[in-house]
Structures are given as structure tokens and as C-alpha cells.
Amino acid sequence: MMIESGTAPDASTAGYLIRALCRDGEPTVAYHVLRDVSRKRIIPDVVSITQLISAFSKCGNFGRVSEILHLMIASGSQPDLFTYQEIINALCDGAGRTAMVDEAFRIFNDLKLKGYACDVVTYTTMIDGLCKSGRMEEALLLWSEMVANGIQPNNYTYNAIINGYCKSGNIDHARKLYDEMLSKGFKESTVSSNIMLAGLCLHGRLADAINLFAEMPNKGIHRDVITYNTLIQCLCKEGKTSDAIELYSSMLATSIRPSISTYTPLIMVLCEEGRMTDAMELIKILEAQGLEPLVCTNDFIISGFCRVGNAEKGMAWLSRMLQSNLKPRAETMDRLVECLCSLGQVDCALQVVKKMFDISYILGSSVCHLLISKLCGVDSYQVCELLNEIVLVES
DNA sequence: ATAGGGTTAG
């Protein structure tokens, strides 16, 4: 309407639109606004373009990020520390999966060379990224460099490094840093407690973990869904299933709502113990709360039904999975074939095998042997050995 | 005229 009425949009018009579109999760539309106005030599403010860069960084579209940076610089506008902070943060994100920490580190070091004054947030982001990819030595070097530059670590920085120590197995160093953090006047928080809790759990120090959990309210630290999930997962891992379920029950008595990560370890351990009725009860509960089981939970359930010899239920869940376009793990299919064979339901087993072929899985050799044995009524290992011998003799 | 950054489980 504005353009049709003959009023030319300016940089502010574009800036408003770009920020609003980014906020509403429409970065591609925002990008087209930027392209449109830049053709008329109109360049929105750095804040708006930074939001756009942030949106594309977060979804991993670094090609587009680089393009916008070039457009920005070519039109005489300079990205600032916030702009690069968003890119570095996104490159560090991904929990080791898609983390491009090397690239983040390159940009970070480049920033210093270009004369940008990195601050506590930039340093902390980079330290956290290095810690998360297991590069503790470099993270500690950066910490020293930061302090040498007159920037004091804050509670975020401490949490990043404490988390790094916890994850890399040095729980005693983590503890030392924790005490140092407290001595500098930074307060314990839900986040710092959750980090230590996860560290203790990771190293099997269940008694210490339970103690920390118990002490949180005494110290005035609020427990959140992550606190509960971390301890529930730990109890499940340590075989304390009834304690895990008890903790889950006590969680329901609080105002904290369980998440899918509350249920996943509980259902997994119930399936492993063959407690399929209890597992299915939890599935019903989580679905009633509008949650959806993870793909791996479906695998646990099928394997669990196989474990208790209920191939029929296992088959039903497999169908449910395939109908939802979820891909079961190959081992899950193997378990089901094995279970059906042991029940003498070779035809059903072959149906599963057909479904495996449909999703382009290859039969494992042990399942192959099992099927051949069932179909031929002979021990296929012996047949194979015989065949091998024949091949040897002939060659 | 308006407005931007970092943490914990999975």
C-alpha cells in the first residue's frame, strides 16, 4: 500500500519489517525485504540486519549469513560485535553434532585482529564452545587471556568452565572452580546446581547427586524440570528404577511439568526390565499431555515386547512406527525376527524381513542363519562351513 | 521514532 501510494519506504521501514519477520520466524521473507530495499541503495540499521543474520545462523544457513555479511559490507555498513556474537554462538551450538567450533574460533580470533573489543559475553560463548567440544586446554587459555585483558569472568563463564570439567571427567576441578565462583561472590543457581548434578550423575556418584538434589531447597535454589530429569535419568541408569519412579511421582506433586526427557529414560528402563504394562501406562500418560515419544522410545518398546515374548504387540508397534514414517533401528527389526522365529511364526518373521527390505535394511548374518535354519530345518552354520570347505577345496 | 548477545538434560 505504501509503495502503491507513492511513498518510498526508507531504512527504518525495512528495519521494522525485518525485525518483525525475524521475530515471527520468517527470515526468508525478511531476507527478501532486505534484498528489495538494498537494490534501491537503502540499508537498514545494524540491529535489524543482525537479527536477520542471527535467524539464519540459528538454522545453520551460513551460506546466507555470509551473503548478508557481504551485502552489508559492500554497502558501507559494518557488522558489530553483536553481529559476530550471533554467528559464533550458532557455530558453537549443536552439542558436538554439527558444531563448527573451529570456524567459530577462527572468526573469534579474526575479530580480535580486526580490533573489535571482545567482551565477557564473546569470551564466554567461545569458552563454552571449546569446553563442549572437549577442548579444555584452549578454553582455559582463553580464560587467562580474558582476565589478562581486564575482563572478569562472571557466573556464565564459571558455569561454562565447570560444565566443561564435569563433562571431561574432572569433577574435582569442577568442584574447585565452583568454590572459587562462590568465593568471588557469585551465587549458586539452578543452572550451576544442574551442571554439578549432571557431573556427579555422569560419574556414577549417585549418593552425592542425591545429596545435592536434597540440599537445593535448603539453599534457596529452585529445582526445575532439568534438575528432576537429570536425577531421574541417573537413577534409571544406575538400576534404581523404583527410586526413579518415586522421584517422578514427587515431581508430579510440584508445579513442574514433566517433559519428554522425563519419560524417555523411565520407559527405556521399564522395557529393559520387561515391565511392559508399566511402560505402556507411561506412554498413555505422556500422550495425554500432548507429548510424543522419541523415535528411540518406539525401538525400546518393540524390543521390550520381544523380551517378554509378546511378538504380536511388537508387530503392532512396528506397524505404528512405519505408518508414522519413523525408521526403526536395524537391531529392533532383528529382535523382532528372532522373537517370531523362536515362537515358530516364520511367516510373520518373513513379513518383518519384507518390511526391512522396504526401508532398505540389510539382514544381519545371524538373523539370516536363523531364518534359513527355521525354513530348511537344518543348522545353517554347518551348511555354511561345509560350503566354505568346498570353496577352499575347489580353489 | 525503534532496537540486539552467552548457561544446565535430551
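Letters go in sequence order (proteins before strands), and every chain restarts at 1. All values reported here derive from a predicted model rather than from experimental measurement.
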Worked check of salt bridge (charged side-chain N to carboxylate O under 4.0 Å, His left out) between A/Arg275 and A/Glu273: CA-CA 5 Å; A/Arg275 295 170 59 180; A/Glu273 292 174 6; 3.5 Å; yes
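- Judged purely by atom type and a 3.5 angstrom limit, A/Thr7 has no side-chain atom pairing as donor or acceptor with the backbone of A/Ile3.
- When each of B/dG5, B/dA9, B/dT8 is scored by its nearest atom to the side-chain atoms of A/Ser261, the top-ranked nucleotide is B/dA9.
- Considering only side-chain atoms of A/Lys132, the nucleotide from B/dG4, B/dG6, B/dT8 that sits closest is B/dT8.
- For B/dG10, the OP1/OP2 oxygens have a side-chain nitrogen or oxygen of A/Gln233 closer than 4.0 Å.
- Here the side chain of A/Asn229 is nearest to one of B/dG4, B/dT8, B/dA9, namely B/dA9.
- Between the CG atom in A/Asn89 and the CE atom in A/Met126 there is a gap of 10.5 Å [rounded to 0.5 Å].
- Rounded to a whole Å, the CG atom of A/Leu111 is 17 Å from the P atom of B/dG5.
- The base of B/dG6 lies outside donor-acceptor range of the side chain of A/Thr125, with no N or O pair under 3.5 Å.
- Residues A/Ile245 and A/Leu235 have side chains not in contact (no heavy-atom distance under 4.5 Å, counting atoms from C-beta outward).
- For the pair A/Asp119 CG and B/dG4 P, the interatomic distance rounds to 16 Å; values are reported in whole Å.
- In this structure, A/Ile127 reaches neither bases nor backbone, as no heavy-atom distance under 4.0 Å exists between it and the strands shown.
- Less than 4.0 Å separates DNA chain B from at least one heavy atom of each of the following residues of residues 7-27 of chain A: A/Ser12, A/Tyr16, A/Arg19.
- Remark: A/Lys167 is not in phosphate contact with B/dT8, judged by side-chain N or O atoms under 4.0 Å from OP1 or OP2.
- Between the side chain of A/Thr50 and the backbone N or O of A/Val46, at least one donor-acceptor pair lies under 3.5 Å.
- Note: A/Thr262 OG1 to A/Leu286 CG = 9.5 Å, rounded to the nearest 0.5 Å.
- When the C1' atom of B/dT8 is taken as reference, atom CG of A/Asp93 falls 13 Å away, rounded to whole Å.
- Considering only side-chain atoms of A/Phe82, the nucleotide from B/dG4, B/dA9, B/dG6 that sits closest is B/dG4.
- Here A/Thr122 lies in heavy-atom contact (under 4.0 Å) with a base.
- For A/Lys355 (side chain) and A/Ser319 (main-chain N/O), no donor-acceptor pair under 3.5 Å exists by modelled atom type.
- Heavy atoms of A/Thr50 sit under 4.0 angstrom from at least one base atom.
- Contact of A/Asn159 with B/dG6 (side chain to base): no donor-acceptor pair of N or O atoms is detected under 3.5 Å.
- For the pair A/Ile49 CD1 and B/dT2 P, the interatomic distance rounds to 20 Å; values are reported in whole Å.
- Going from atom CZ of A/Phe108 over to atom P of B/dG6 covers 16 Å, rounded to whole Å.
- Among the candidates A/Thr230, A/Asp224, A/Asn163, the single residue satisfying the side chain to side chain donor-acceptor pair (under 3.5 Å) test with A/Asn194 is A/Asp224.
- Heavy atoms of A/Ile226 sit under 4.0 angstrom from at least one base atom.
- The distance between the ring centers of A/Phe108 and A/Tyr123 falls below 6.0 angstrom.
- Rounded to an integer number of Å, the gap from A/Tyr228 OH to B/dA9 P is 18 Å.
- The NZ-C1' distance, from A/Lys237 to B/dG10, rounds to 14 Å in whole Å.
- Per the geometry, CE belonging to A/Met216 stands 14 Å off P belonging to B/dA9, to the nearest Å.
- No side-chain donor-acceptor contact under 3.5 Å links A/Ser303 to the backbone of A/Phe300.
- DNA chain B lies under 4.0 Å from no heavy atom of any residue of residues 238-256 of chain A.
- Across all strands, A/Asn89 comes closer than 4.0 Å only to sugar-phosphate atoms, never to a base (heavy-atom distances).
- Formation of a donor-acceptor pair under 3.5 Å by the A/Asp10 side chain with backbone atoms of A/Ser12 is found in this model.
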